[in-house]
A.B. asks: 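One structure coming up, written as structure tokens, with questions to follow.
Remember, it's a predicted structure, so these values are computed and weren't measured experimentally. Reminder, nothing fancy here: chain letters follow the sequence lines and each chain counts from 1.
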Amino acid sequence: MKEEIIIAGFGGQGVLSMGKILAYSGVMQDMEVSWMPSYGPEMRGGTANVTVIISDDKISSPILHEYDTAIILNQQSMDKFEAHVKPGGTLIYDGNGITHHPTRKDITVYRIDATEEAARMRSVKTFNMIVLGGYLKVKPVVKIENVIKGLKKSLPERHHHLIPMNEKAINRGMEIIHEMEVEA
Amino acid sequence: MKELKLMKGNEAIAHAAIRYGVDGYFGYPITPQSEVMETLMAEKPWDTTGMVVLQAESEVASINMVYGGAGCGKRVMTSSSSPGVSLMQEGLTYLAGSELPCVVVNVVRGGPGLGTIQPAQSDYFQAVKGGGHGDYKLITLAPASVQEMADFVEDAFELAFKYRNPVMILSDGIIGQMMEKVELKEFKPRWTPEYIEENFPWATTGKKKGQERRIITSVELDPYVMEDFNYRLQAKYKACEENEVRYEKIMCDDAEYLLVAYGSSARICQKSVEIAREKGIKVGMLRPITLYPFPEKQLKDLAAQVKGILSVEMSAGQMIEDIKLAVECKIPVQHYGRLGGIIHSPGEVIEALEQKIIGG
């Protein structure tokens, strides 16, 4: 198994930490992982993205030009990365702020309205975990129990009381993600 | 069971330094390597191993603190990124001229000048040709993974003390910032003053009664003495060239074309090799692990087998000069690389190979 993922959105949406938790979940499952962020000023606003690779075998390049899955959380990232999903690949996006929806017909498109759901759940900070849940529903590359272990590893101990809340968000994401018909 | 951690290349350097028993780190923050000092400060090794971690007032101060520590026979290091390493060049030539061992990490970013904070490999010339003045060399290691970032700290110190010369770990923003699994070695104790006294008769450990003065300097006013010293330096570098070349060959056995790349470009090219092989193109890769000494003989041997070489480096073409010298221009050698902080993709490398070498 090998899954090459790009997660892209705004700085502050938890893009990098979502990728980190996913990578840690892969480590917990004894797989090879790489996590390559866009770093620097992006982290303080603007677009941020991270490439995560989870594989049974040794990983060659941490930098890619096409992806099995793109998780897209703003319009700029849609414009940039829709074309870079492999044919037959998967695109997952949050509809919030999206004006130009995906148009490719050779990939499977899923929508998850995680921004809206996070506001409804009154926990904006678990936004990225809702998205992660949705992703794992359609691409179960790691087991949920390993995601929880990954969360424990990547969160400092003083934040461990937040794990049940994050678990709830992951489960909610799994419920609300749905496949989209791409219109011509 | 071995413990695997997920961490950035920069963090791995810091952890490896503490565990290896490094005596001192002196540095000044600069993106994309600031996590080295951040991690050291968070780990507080002064409470455990006694390692000194100090934020100097500048890179110039850092490298001169390294000079001081190294002169005492201590295992000391610094890290920076391109503009900061330029500031250290005077210190590096003085360290080489005074035959002092130390480790300097350069997590390269795009230049020239203050440049960008994104990854680049355009400091190759500065590292292997000597950015400072005089006939000196920096032994240069190029890690291509987070694991190698950790492992090369130890390797670099071993080489530094074996040859009494500064060693550079030439990394870049990709290897520094990416996270991968890493296995850290067991903690080793720092050297005791007695060990240093016994093993390094050049170290300034405090003059004992009846002992000769130990002078650490790079100045010599008698040019004949200076010439002899230079011959001795060159003999040392020759020994280094004979004994310390390190490289990795990937799918070279039946290769008709060869990619040569180090560090993060080697990782990207490895993917290019995978994709090209699926397309039926017989491509192999040579990854120099030591950039100085350069794997000249290995390249010369491969030149007898392959039809052409593409040197891939995030620069305008620096390593290609050493490749051309090694293969004595017997086969076509071309360069490909994005500049100024832009990272080439595995697909772009294949396109360049097809256009410049296979079709060329």
A.B. asks: So do W35(A) and K8(B) actually touch side chain to side chain, heavy atoms under 4.5 Å?
C.D. replies: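 A side-chain contact under 4.5 Å exists here.
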
A.B. asks: Nearest 0.5 Å, what's the CD1-CD distance between I275(B) and E66(A)?
C.D. replies: 6.5 Å

A.B. asks: Which atoms of M31(A) are under 4.5 Å from chain B, going by heavy atoms: the side chain, the backbone, both sets, or neither?
C.D. replies: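 Contact with chain B: backbone only.
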
A.B. asks: Does K152(A), at its NZ atom, have more than 12 non-hydrogen atoms belonging to other residues, nucleotides or ligands within less than 6.0 Å?
C.D. replies: no

A.B. asks: Answer with side chain, backbone, both or neither: which region of L6(B) has an atom nearer than 4.5 Å to a non-hydrogen atom of chain A?
C.D. replies: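 When you check distances to chain A, atoms from both the backbone and side chain of L6(B) fall under 4.5 Å.
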
A.B. asks: Got M179(B) and S34(A) here, is their nearest side-chain heavy-atom distance under 4.5 Å?
C.D. replies: no

A.B. asks: Within this structure, what is the CD-CD distance for the pair E180(B) and E32(A), rounded to the nearest 0.5 Å?
C.D. replies: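 Here the rounded value is 8.5 Å.
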
A.B. asks: Check this for me: K80(A), atom NZ, are more than 12 non-hydrogen atoms of other residues, nucleotides or ligands nearer than 6.0 Å?
C.D. replies: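 Atom NZ in K80(A) is not crowded, with 12 or fewer foreign heavy atoms closer than 6.0 Å.
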
A.B. asks: First locate atom CG of D30(A), then atom NZ of K181(B), and finally report the distance between them rounded to the nearest 0.5 Å.
C.D. replies: 5.5 Å

A.B. asks: How about R122(A): does its CZ atom have over 12 heavy atoms from other parts shown lying under 6.0 Å from it?
C.D. replies: no

A.B. asks: Quick check on Y110(A): does its OH atom have over 12 non-hydrogen neighbours (other residues, nucleotides or ligands) under 6.0 Å away?
C.D. replies: yes

A.B. asks: Does any heavy atom of chain A fall under 4.5 Å from the side chain of I174(B), the backbone, both, or neither of them?
C.D. replies: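 For I174(B), heavy atoms of backbone and side chain both lie under 4.5 Å from chain A.
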
A.B. asks: Answer yes or no: are there more than 12 heavy-atom neighbours, outside K139(A) itself, under 6.0 Å from its atom NZ?
C.D. replies: yes

A.B. asks: Taking the basic N atoms (NZ, or NE/NH1/NH2) and the acidic carboxylate oxygens, is any pair closer than 4.0 Å for E4(A) and K271(B)?
C.D. replies: yes

A.B. asks: How about residues 18-25 of chain A versus chain B: which residues have heavy atoms under 4.5 Å apart?
C.D. replies: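 K20(A), A23(A), Y24(A) fall under the 4.5 Å cut-off.
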
A.B. asks: Can you tell me how far apart CD1 (I63(A)) and CD1 (I268(B)) are? Round to the nearest 0.5 Å.
C.D. replies: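 Here the interatomic distance stands at 5.5 Å.
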
A.B. asks: Indicate the atoms forming the closest heavy-atom contact of Q270(B) with S60(A), along with that distance.
C.D. replies: CB-CB, 3.7 Å

A.B. asks: Give, as side chain, backbone, both or neither, the part of I175(B) having an atom under 4.5 angstrom from any heavy atom of chain A.
C.D. replies: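 Contact with chain A: none, neither part.
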
A.B. asks: Check the surroundings of atom CE in M121(A): do more than 12 heavy atoms from other residues, nucleotides or ligands lie under 6.0 Å from it?
C.D. replies: yes

A.B. asks: Answer yes or no: does atom CG of D56(A) have more than 12 heavy-atom neighbours from other residues, nucleotides or ligands under 6.0 Å?
C.D. replies: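 Result for CG/D56(A): enclosed.
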
A.B. asks: What part of E348(B) gets closer than 4.5 Å to chain A, counting heavy atoms only: side chain, backbone, both or neither?
C.D. replies: neither

A.B. asks: Of the backbone (N, CA, C, O) and the side chain (C-beta and beyond), which part of I59(A) lies under 4.5 Å from a heavy atom of chain B, both, or neither?
C.D. replies: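 The answer is both parts of I59(A).
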
A.B. asks: State, to 0.1 Å, how close H65(A) and G347(B) come at their nearest heavy-atom pair, and which atoms those are.
C.D. replies: CE1-N, 3.2 Å

A.B. asks: Is it the case that atom NZ in K143(A) sees more than 12 heavy atoms from other parts of the structure closer than 6.0 Å?
C.D. replies: no

